[in-house]
Amino acid sequence: MAFELPPLPYDFSALEPHIDAQTMEIHHDRHHGTYVNNLNGAIQKHPELEGKSVEDLLSDLSSVPDDIRTVVRNNGGGHYNHSIFWQIMSPDGGGEPSGGVAEAISEAFGDFASFKDALSKAAIGQFGSGWGWLYLSGGRLSIKGFPNQDNPIMDGGVPIMGVDVWEHAYYLKYQNKRPDYVAAWWNTVNWSAVNDRYSQYR
Ligand code: MN3
């Protein structure tokens, strides 16, 4: 069964004014859509991989055949990352977390403000294209910037929430002002979905 582009769980304009509708449409339909198509193209060359989940592929890239490993890393990573990204944003987003993830964040980073600062810095400081991720590793919450479409799952971690800092995620509205985009992005965070991910994987 081929991988499919998941529908955006809200309208393209739903995250305005923080993320504009045109950016959302291009980002979801074209960028994410292309990752899905390229991933399917690679898997077609190796039918023995059909039926593997994207998590299976990314968490064990060394077992993916040489000739498609980079394509799977970049496009499987792109599919996986964006599938999470759409879910952890919401038109009713923003504010501060509650529940288990809020407690874990305070435990790991001191308080919410320190956590927000650390994830913002990781994202803003990621040179070139990439992501800032909050993830579980060895049962602990960590924050790091990852290049391209890499994801903590490639290093044995579990991604909880992440912010896309590829220019395609913000350039139409924010141009080169990545810090302004990241600051606005916090107003879209769906803490309920983030807490669900944390509760599921902790
Ligand atoms: Mn993107």
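Whatever order the structure lists ligands and atoms in, that order sets their numbers, starting from 1. In what follows, every heavy atom counts, from backbone to side chain, and hydrogens, waters and symmetry copies are set aside.
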Next item on the list: Answer yes if the ring centres of W166 and Y171 are under 6.0 angstrom apart, and no otherwise.
Entry: no

Check: Does the shortest distance from the Mn ion (ligand 1) to an N/O/S atom of H31 fall below 2.8 Å?
Finding: no

Next item on the list: Using a strict 4.0 Å threshold on nitrogen-to-oxygen distance, state whether D150 and R73 make a salt bridge.
Entry: yes

Margin query: If you consider just the N/O/S atoms, which atom of H27 is the closest one to the Mn ion (ligand 1)?
Written below: NE2

Check: So, does N75 use its side chain to make a donor-acceptor pair with the main chain of N38 at under 3.5 Å?
Finding: no

Margin query: Can you tell me which N/O/S atom of D164 has the shortest distance to the Mn ion (ligand 1)?
Written below: OD2

Next item on the list: Calculate the angle formed at the Mn ion (ligand 1) by NE2 in H82 and NE2 in H168; 10° precision is enough.
Entry: 140°

Notebook entry, point to check: Under the criterion side chain to side chain contact (heavy atoms under 4.5 Å, CB included), which of Y198, W191, F85 is the partner of M161?
Noted result: W191

